[in-house]
Number of protein chains: 2
Amino acid sequence: MARAGLTGERLVRAGAELADEVGFEHVTVSALARRFGVRTASLYSHLENSQELRTGIALLALEEIADRAADALAGRAGKDALEAFANVYRDYAREHPGRYAAARLRLDPDTAAASAGGRHAQMMRAILRGYDLAEPEQTHAVRLLGSVFHGYVSLEAAGGFSHSASGAQESWAWILDRLDALLRGRPAG
Amino acid sequence: MARAGLTGERLVRAGAELADEVGFEHVTVSALARRFGVRTASLYSHLENSQELRTGIALLALEEIADRAADALAGRAGKDALEAFANVYRDYAREHPGRYAAARLRLDPDTAAASAGGRHAQMMRAILRGYDLAEPEQTHAVRLLGSVFHGYVSLEAAGGFSHSASGAQESWAWILDRLDALLRGRPAG
DNA sequence: GCAAAAAACCTATAGCCATTAGGCAAACGG
DNA sequence: CCGTTTGCCTAATGGCTATAGGTTTTTTGC
């Protein structure tokens, strides 16, 4: 019998795909083993436990989002940068709902410190350099942006807008426009 | 043997307490049965399945939040109302993290329609009457508020601010102040 | 090339969870 | 009281996580 060629990394990657297909909460070691045509116990040579799988998917998602965001931000500033960054979050969540859910997993402090989470915060601060915000306002603004992006994407994913699904795109554009105005300290046009 | 006196409602209420203690994702039919000193199978006379338990907790949380919000909103308008409403969300999530998580559960359309979710939206629109927003701006604003409130509370609960935990209260106040200004269409003071 | 070591996958097992079927006994209605 | 309803029980199935220890394939060092 040919071997499946499992590695921790392949498992995490396949777990991420599985998450997008069936939802992050349904990612199990068993389902993953099934997908590789292998017994469940076999995965435990490559995985400490199921938590490690989930954490791995979360870290992968955080990296992928950070990479996309870094790309999107290159050469942009001001509102342009704000929109590009925001759209990375929203698009990623739509393309990869399972991974996005994983990215919201609560990580233990050490893991979080070693994650791409720091890059996310750094990029937000980079965007805010285009606005005139000193500390502590900048920190407040980072939190505001994080809240709005995550909140909107999460409500949208949860179907929170579906009964009145109309204009989710318009709402998003409006919100970004007003956020930009808010950060500039000027009324919206 | 004296009977435990189980009912669907008591189970949901106890499930909500359990959620606050151990986290919503650890609420299980078994754990609930244990808490009542009863066999797991016994709960299935009062509960269709574990999903119904979770849904029940979600509906309870939505009602509780709506009730608190209605109280908080009474006699208030403008920024005062905005802050009161926002604080209901934040305080509720802090006092009842498990219930709050339950409230974010994705409900099927019928259940959602019968939930207190509609009251939440209605109250947001009531708050926005204190600002000068016609449709479709009002809908956009409802979504913005929902995003910010949920996003902030959720990031805070996930420990997203804990590495730089400082000033979560200040950030919250700043955000509400700027949101108010944004909705008024004027620059922040 | 080849034997020993290492790595990959397997079987077996145990515990916890959800859920169903069917039984006994307590409470309640007449 | 006695029968019926109802509440909780035992028993059993099947899925999931996880550990222990075996076997086979691959690697590696001579």
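Quick note on labels: first sequence line is chain A, next is B, and so on, each numbered from 1.
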Please walk me through it: do B/R104 and B/S154 pass side-chain hydrogen bond (donor to acceptor under 3.5 Å, both in side chains)?
CA-CA 10 Å; B/R104 311 305 332 170; B/S154 156; over 6 Å; no
So which pairs with a foot in residues 19-42 of chain B pass side chain to side chain donor-acceptor pair (under 3.5 Å), sequence neighbours left out?
B/D20-B/H96, B/D20-B/R99, B/E21-B/R35
Partners passing salt bridge (Lys or Arg N to Asp or Glu O under 4.0 Å) against B/D71 (at least two apart in sequence or in another chain)
none
Listed by chain and number, what are the salt bridge (Lys or Arg N to Asp or Glu O under 4.0 Å) partners of A/E170, not counting sequence neighbours?
none
Short side-chain N/O contact from A/R39 to OP1 or OP2 of D/dT19, under 4.0 Å
no
With a 4.0 Å heavy-atom cut-off, tell me which residues in residues 41-58 of chain A come close to DNA chain D, sorted by residue number.
A/A41, A/Y44, A/N49, A/S50
Residues of residues 5-32 of chain B with any non-hydrogen atom less than 4.0 angstrom from an atom of DNA chain C: list those, numerically ordered, please.
B/T28, B/V29, B/S30
Rounded to the Å, how far apart are A/R34 CZ and C/dC10 P?
14 Å
Take atom CD of B/E135 as the centre, draw a 6.0 Å sphere, and report whether it contains more than 12 heavy atoms from other residues, nucleotides or ligands.
yes
If you look only at pairs with a residue in residues 166-185 of chain B, which of them pass as a ring-ring contact (aromatic ring centres under 6.0 Å, His included), with sequence neighbours excluded?
A/H140-B/W174, B/Y152-B/W172
Presence of salt bridge, A/D67 and A/R119, under 4.0 angstrom
yes
For B/N49 and B/Y44, does a side-chain donor sit closer than 3.5 Å to a side-chain acceptor?
no
